[in-house]
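All residue numbers refer to positions in the sequence shown, counting from 1. Nothing here was measured: the structure is a model prediction, and the numbers come from that model.
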Amino acid sequence: MKPIIFIGSGAVASEVISYLEDIQNQNPSNAFEIYGFLNDNEDDFKIKSEKYGFEGRFLGPIAKHEFSEQYSYIFGFANPSGKESIVEKLDLGKLDFPTIIHPSVVISKSAKLGKGNIIYPNSVIGPNCKIGDFNLVTSYSFISHDCEIGDYNFLSTAGLAGNVKIGNKNFFGIRSTVIPSITIGSENTIQAGMVIDKNVSDNETVFYRFKEKVTIIRS
């Protein structure tokens, strides 16, 4: 891999670095070098760098960076719209956005993934899945057979049963689950713990109203 530049320097960057270390430890030929971090706020970078122990220089604001073929770029934040606003200004055909897959991931040989995806530990991706670009799939998520996923989605320990189709920039909260053959559009927010058993269009929020208040029953 080319020297890595992280776009953003938050918690996601720290997690991805630890997974790159796991990949390197499993196979030393996959050694990596972090060249630096892009961040629009240098003070914020200094705070995060001290907090997470980053090894890499501050490279300045994202908008002023001249993206180059000599580096690999990885997003160090999760916000789907923020990623898209950066990517739409770039020539992706000339730039390297590697897909990072933790060694513990179970992935079918027939699954197809685009660029810039990050798959956290202990996730499962089944046969004939088609996954687009810049998706973030956190630990213990599962994407079952024949699923089709667009770009910039965030699955937070979520599960997609077989033949599910989803669009772009969706957020799936922790332990949300989609039953087989459901279609979900784009830019939806699925609250943690939801079971999606109906098709969802675009720009929807799925939640249980009663969960807005915590009720305590005392013995």
Side-chain angles (χ1 to χ4, degrees), residues 1-39 44-60 62 65-79 83 86-87 90-144 147 149 151-158:
M1 187 182 297
K2 302 174 184 177
I4 296 169
I5 292 178
F6 274 89
I7 305 171
S9 55
V12 170
S14 70
E15 290 175 326
V16 174
I17 290 169
S18 72
Y19 304 149
L20 289 170
E21 291 170 347
D22 291 342
I23 293 170
Q24 177 178 272
N25 290 338
Q26 186 183 69
N27 186 350
S29 66
N30 290 323
F32 68 97
E33 171 196 352
I34 298 175
Y35 182 73
F37 297 81
L38 300 172
N39 190 315
D44 178 71
F45 168 75
K46 290 178 180 177
I47 293 170
K48 299 289 177 55
S49 181
E50 182 176 353
K51 179 179 181 180
Y52 296 119
F54 290 145
E55 296 180 3
R57 70 197 78 179
F58 174 69
L59 300 176
I62 298 168
H65 178 69
E66 293 186 11
F67 284 80
S68 169
E69 298 176 45
Q70 64 181 311
Y71 301 110
S72 293
Y73 292 92
I74 299 174
F75 279 106
F77 63 90
N79 182 273
K83 293 179 185 178
I86 295 169
V87 169
L90 304 176
D91 184 351
L92 288 183
K94 295 182 179 179
L95 297 173
D96 181 33
F97 281 86
T99 282
I100 307 299
I101 301 174
H102 190 269
S104 64
V105 172
V106 177
I107 181 168
S108 170
K109 64 181 180 181
S110 61
K112 296 180 175 61
L113 283 71
K115 62 171 56 182
N117 296 292
I118 300 174
I119 315 297
Y120 279 30
N122 300 302
S123 295
V124 178
I125 300 176
N128 196 41
C129 287
K130 297 178 177 62
I131 299 175
D133 302 330
F134 302 107
N135 297 287
L136 180 61
V137 179
T138 71
S139 299
Y140 295 97
S141 294
F142 67 86
I143 301 171
S144 298
C147 285
I149 299 176
D151 306 325
Y152 305 106
N153 295 288
F154 182 17
L155 276 68
S156 180
T157 312

Side-chain heavy atoms of V87 within contact of Y73, under 4.5 Å: no
All salt bridge (charged side-chain N to carboxylate O under 4.0 Å, His left out) counterparts of D22, not counting sequence neighbours: none
Close side-chain approach of Y120 and L136, heavy atoms under 4.5 Å: yes
Validation row: F97, N117 side chains within 4.5 angstrom (heavy atoms): no
Any donor-acceptor N/O pair, N135 side chain to N153 backbone, under 3.5 Å: yes
Y140 atom OH, neighbour heavy-atom count above 12 within 6.0 Å: no
Any L20 side-chain heavy atom under 4.5 Å of I74 side chain: yes
Expected output: side-chain S14 to main-chain A11 donor-acceptor under 3.5 Å: yes
Non-hydrogen side-chain atoms of H65 and I7 separated by less than 4.5 Å: no
Donor + acceptor pair across side chains of S72, D96 (<3.5 Å): yes
Side chains of F6 and I17 in contact at under 4.5 Å (non-hydrogen atoms): yes
Whether K115 side chain and L92 backbone form a donor-acceptor pair below 3.5 Å: yes
Spatial distance of atom CD1 (I62) from atom CG (L38) [nearest 0.5 Å]: 6.0 Å
Main-chain N/O of S156 paired with S141 side-chain donor or acceptor, under 3.5 Å: no
Full working for side chain to side chain donor-acceptor pair (under 3.5 Å) between K130 and N128: CA-CA 6 Å; K130 297 178 177 62; N128 196 41; 3.2 Å; yes
Under 3.5 Å donor-acceptor, S123 side chain and T138 backbone: yes
